[in-house]
Protein chains: 2
Amino acid sequence: MATVQEKNLGLTWLENSGLRPTRQRVAIAAHLVGDGQHRHVTAESLYADVCKAGESISLATIYNTLRAFCDAGLVQEVTVDGARSYFDTNTHDHPHFYWEEDHRLSDAPLEELEISALPSAPAGTEIASVDVIIRLRRT
Amino acid sequence: MATVQEKNLGLTWLENSGLRPTRQRVAIAAHLVGDGQHRHVTAESLYADVCKAGESISLATIYNTLRAFCDAGLVQEVTVDGARSYFDTNTHDHPHFYWEEDHRLSDAPLEELEISALPSAPAGTEIASVDVIIRLRRT
DNA sequence: TTAAGTGCAAATTATTTGCAGTAAG
DNA sequence: CTTACTGCAAATAATTTGCACTTAA
């Protein structure tokens, strides 16, 4: 079960979004931002977390909630692997490490990435964002 | 139907892979590399192409063949969109444009990309590859 | 001749949706 | 009270697989 502080942090975070803070959303928010750290979850991994903590939320609601958070700009979807979607609580444009063996995603330090030249957008288009994913394998 | 030249190009390409050049694979290869250009296909888009050309190949074989080509290093899988997989006949590490409206993937000019600093791989890991996807939206 | 490849249809996986019930403002 | 949210179960979409049949070597 999430602590009171975790719930409060999650609640504050939710309130800036216009989404109704229901029991389920507050619980999910507590799991996502409760400790002030950024997190990278899949629907399934979050569901497992929430269940392990003794909260009861249906998987469909996890999916719907992640989608709602994403639409509200609270989290960002990251596609790496084709099969599953990751949701990142860090919504700034930043690079990711992808641990191929573990199917795990984590932040890479933004300050260590420097792109000195970028292909320019073709006529009639603009760059919406640049995804940088650094794939890691164990040595 | 693919021309003789297209088939020959595809055949040559196939032969360097150890894969048995069956009727279906030669046809697919002709569609992929027949004109010497790089291509970015999904299983469905390739299936549509092949059907339109009057060749008859089952969708399952398209999937299996793309997977086999991928394992053989003839094409490379690119993940952008979560839902579908793209296969790229350009197997060198290079950046991509992703046209968000059209769900279309294309090569971005490699020589216009310059990464002057990259986060270093965490201890016990090495960088397998770096995916750079430039998301475009129409202006 | 024989192991690899093909093509259905059924299975799997990740995700979404319809809809009746529940709860927040 | 009213509208948004939740949770099941069924639907969907992309992809894989089991298995009998075909074909390249």
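What's counted below: heavy atoms across the whole structure, side chains too, no hydrogens, waters or symmetry copies. Lettering of chains follows the sequences in order, A, B, ..., and the numbering in each one begins at 1.
As rounded to whole Å, 14 Å separates atom C1' of C:dT15 from atom OH of A:Y47. Protein atom CG of A:L66 is 12 Å distant from nucleotide atom P of D:dT6, rounded to whole Å. The separation between A:L14 atom CG and C:dA24 atom P is 13 Å, rounded to whole Å. Nucleotide C:dA14 holds its C1' atom 12 Å from the OH atom of A:Y86, rounded to whole Å. Note: CD (A:E55) to C1' (D:dG7) measures 16 Å, nearest angstrom. In this structure, CD of B:E77 is placed 8 Å from P of D:dT15, rounded to the nearest angstrom. Spacing between atom CZ of B:R67 and atom P of C:dT6 amounts to 15 Å, rounded to whole angstrom units. As rounded to whole Å, 6 Å separates atom P of D:dA25 from atom CZ of B:R20.
Contact annotation: A:T22 side-chain N/O to D:dT6 OP1/OP2 distance is under 4.0 Å.
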Pairs of donor and acceptor atoms involving the side chains of residues 67-77 of chain B, under 3.5 Å and at least two apart or interchain, shall be tabulated with distances.
from  : atom 1 : to    : atom 2 : distance (Å)
B:R67 : NH1    : B:E77 : OE1    : 2.9
B:E77 : OE2    : B:S85 : OG     : 2.7

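Within the structure, no pair that satisfies the salt bridge (Lys or Arg N to Asp or Glu O under 4.0 Å) test touches residues 16-25 of chain A, not counting sequence neighbours. Pairs passing the ring-ring contact (aromatic ring centres under 6.0 Å, His included) check and including a residue from residues 116-139 of chain A, sequence neighbours excluded, do not occur.
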Using the 3.5 Å cut-off, write out each protein N or O paired with an N or O of nucleotides 7-11 of chain C and the distance between them.
from  : atom 1 : to    : atom 2 : distance (Å)
C:dG7 : OP1    : B:Q24 : NE2    : 3.2
C:dG7 : OP2    : B:S58 : N      : 3.4
C:dG7 : OP2    : B:T61 : OG1    : 2.5

Protein-nucleotides 11-14 of chain D N/O pairs closer than 3.5 Å?
from   : atom 1 : to    : atom 2 : distance (Å)
D:dA14 : OP1    : B:R84 : NH1    : 3.2
D:dA14 : O3'    : B:A83 : O      : 3.3

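With sequence neighbours excluded, the residues forming a ring-ring contact (aromatic ring centres under 6.0 Å, His included) with A:H40 are A:H96, listed by chain and number. Partners of A:T125 under the side chain to side chain contact (heavy atoms under 4.5 Å, CB included) rule, at least two apart in sequence or in another chain, are A:A121, A:P122, B:W99, B:L136. For B:E44, there are no side-chain hydrogen bond (donor to acceptor under 3.5 Å, both in side chains) partners at least two apart in sequence or on another chain. Annotation: salt bridge (Lys or Arg N to Asp or Glu O under 4.0 Å) contacts of A:E114 (sequence neighbours excluded): none. Partners of B:P21 by side chain to side chain contact (heavy atoms under 4.5 Å, CB included), not counting sequence neighbours, listed by chain and number: B:L11, B:L14, B:V26. Applying the side chain to side chain contact (heavy atoms under 4.5 Å, CB included) test to A:S45 and every residue at least two apart in sequence or in another chain returns A:V41, A:T42.
Place A:G18 and B:L59 on DNA chain D by their nearest nucleotides, and A:G18 ends up nearer the 5' end.
Using a 4.0 Å cut-off between charged nitrogen and carboxylate oxygen, B:R137 and B:E101 do not count as a salt-bridge pair.
B:L110 and B:I115 sit in two unconnected hydrophobic clusters of ILVMFWY residues. Membership requires side-chain heavy atoms under 4.5 Å apart, directly or through other members.
With distances taken from any side-chain atom of A:R25 to the nucleotides D:dT6, D:dT15, C:dG25, the minimum falls on D:dT6.
Taking five base pairs at each end of the helix from C:dT1-D:dA25 to C:dG25-D:dC1 and finding the rotation axis that steps the C1' atoms of four pairs onto the next four gives two axes whose angle is 30°, to the nearest 10°.
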